[in-house]
Amino acid sequence: MKNVKTLAAGAALLTGSLLSGPVLAELSGNVGIASQYIFRGVSYGDPQVSGGVDWSHGSGLYAGSWISSAAGEQEVDFYGGWANELVDVGYIYYYFPDDINGAGNQGTADAQEVYASVSSGPFGAAIWYGFNGFNGTDDDEYLYVEGNLDLPLTDKINLGLHIGLNEGTGAIYDAPGVESSFIDYAVTLGFGDLYVMASAIDYDAGIQEANKPTFTLGYSWSFDEL
């Protein structure tokens with residue numbers, strides 16, 4: 001389930017414009033490993049390994065795919081959008097080969113999201129709308145809003161702070177005993193193309209015994225530099 005930080009990296013614009021010089025494009029890759037799979041403030045099992053490829057264009061268009069494995073299940077994401085220095089809008093399709101809507105399978109259901117974000121200097125905010133969620137029903141929509149702060153500590157090290165809120169809006173979340181709100185926090189240290197992240201989720205005691213921290217290690221690169 002694609003993370004906004006990876007999306008932001010994949011959507012980075014290159015120098016140049018349609019009016020002066022050629023419109024450039026870039027192909028980049030990323031890999032990661034995490035002690036637990038956290039998505040929109042919800043735990044989906046542990047551990048997790050992932051990798052993806054992103055294409056970005058000087059006009060602001062971008063697209064990519066991301067593959068992950070966690071809790072014995074495979075996931076392939078496809079996404080695309082448009083971004084500039086201020087805004088980013090796009091769409092994601094989450095594909096699970098063991099979709100519960102398939103013939104007798106019991107895995108996670110395929111899902112879709114649309115999103116929009118704004119950023120200015122070190123501040124960023126985004127909203128994600130899952131108009132069909134991962135439960136395979138017609139009433140499992142959700143909203144996820146987040147705020148991010150990116151601070152340079154040195155010429156080579158950045159500090160990132162994140163907080164997000166997932167709010168279930170579909171009727172499925174109105175059932176007794178179903179938790180509808182989840183909060184997650186994260187602190188990231190970036191070392192150029194390498195980053196390490198510590199994150200935590202805020203479950204009620206009835207949902208999970210302990211809110212154990214999650215640790216993630218990720219690396220990205222440009223194929224043009226190979």
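Keep in mind it's a predicted model, so treat the numbers as computed, not measured. Here, residue 1 is the first one in the sequence, and each next residue gets the next number.
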Who passes side-chain contact (heavy atoms from CB on, under 4.5 Å) against Y91, sequence neighbours left out?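 Y93, Q112, V114, F131.
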Of all residues at least two apart in sequence or in a different chain, which pass the side-chain contact (heavy atoms from CB on, under 4.5 Å) check with L189?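 L189: side-chain contact (heavy atoms from CB on, under 4.5 Å) contacts with L153, I157, L159, F191, V196.
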For a side chain to side chain contact (heavy atoms under 4.5 Å, CB included) check, start with the C-alpha distance between F39 and Y94, then their side-chain angles and the critical distance, and finish with the verdict. CA-CA 12 Å; F39 174 77; Y94 300 95; 3.6 Å; yes
Sequence-distant partners of T169, side-chain hydrogen bond (donor to acceptor under 3.5 Å, both in side chains), two or more places apart: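 Once residues adjacent in sequence are excluded, T169 has no partner under the side-chain hydrogen bond (donor to acceptor under 3.5 Å, both in side chains) criterion.
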pair [X]-[Y]: side-chain heavy atoms closer than 4.5 Å:
X: S65; Y: V76; answer: yes
X: W221; Y: S28; answer: no
X: Y219; Y: N30; answer: no
X: L149; Y: F123; answer: yes
X: W82; Y: D88; answer: no
X: D184; Y: H162; answer: yes
X: D77; Y: I67; answer: no
X: V42; Y: N166; answer: yes

Which heavy atom in [X] sits nearest to a heavy atom in [Y], and how many Å separate them?
X: A111; Y: G133; value: CB-O, 3.5 Å
X: A25; Y: D224; value: O-OD2, 4.0 Å
X: I201; Y: S43; value: CD1-CB, 3.8 Å
X: F182; Y: G41; value: CB-O, 3.3 Å
X: V89; Y: A116; value: CG1-CB, 3.9 Å
X: L151; Y: P122; value: CD2-CB, 4.2 Å

Distance from [X] atom [atom1] to [Y] atom [atom2], nearest 0.5 Å?
X: L27; Y: H57; atom1: CG; atom2: NE2; result: 13.0 Å
X: S56; Y: L24; atom1: OG; atom2: CG; result: 10.0 Å
X: E85; Y: S119; atom1: CD; atom2: OG; result: 8.5 Å
X: L217; Y: S35; atom1: CG; atom2: OG; result: 11.0 Å
X: L165; Y: L143; atom1: CG; atom2: CG; result: 9.0 Å
X: D54; Y: Y62; atom1: CG; atom2: OH; result: 9.5 Å

Would W66 and S50 satisfy side chain to side chain contact (heavy atoms under 4.5 Å, CB included), going step by step from the backbone distance to the final call? CA-CA 7 Å; W66 188 77; S50 63; 3.3 Å; yes
For residues F215 and V187: do they belong to one hydrophobic cluster (side chain heavy atoms under 4.5 Å, members Ile, Leu, Val, Met, Phe, Trp, Tyr)?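 In one cluster: no.
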In this structure, would Y129 and I127 fall into the same cluster of hydrophobic residues linked by side-chain contacts under 4.5 Å?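 Yes: a chain of side-chain contacts under 4.5 Å links Y129 to I127.
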Could you walk me through whether Q74 and F96 pass the side chain to side chain contact (heavy atoms under 4.5 Å, CB included) test, one step at a time? CA-CA 6 Å; Q74 306 300 312; F96 296 87; over 6 Å; no
CA sep, side-chain torsions, deciding dist, call: W128, E146, side-chain hydrogen bond (donor to acceptor under 3.5 Å, both in side chains): CA-CA 9 Å; W128 311 71; E146 66 175 312; 3.0 Å; yes
Does N158 form a side-chain hydrogen bond (donor to acceptor under 3.5 Å, both in side chains) with Y195? I'd like the steps, not just the answer. CA-CA 9 Å; N158 277 25; Y195 74 89; over 6 Å; no
Test applied, side-chain hydrogen bond (donor to acceptor under 3.5 Å, both in side chains); reference residue, Y142; option that passes from E113, E167, R40: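 Only match with Y142 under side-chain hydrogen bond (donor to acceptor under 3.5 Å, both in side chains): E113.
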After noting the C-alpha distance and the side-chain angles of Q48 and S68, does the key distance pass the side chain to side chain contact (heavy atoms under 4.5 Å, CB included) rule? CA-CA 7 Å; Q48 177 207 17; S68 175; 3.1 Å; yes
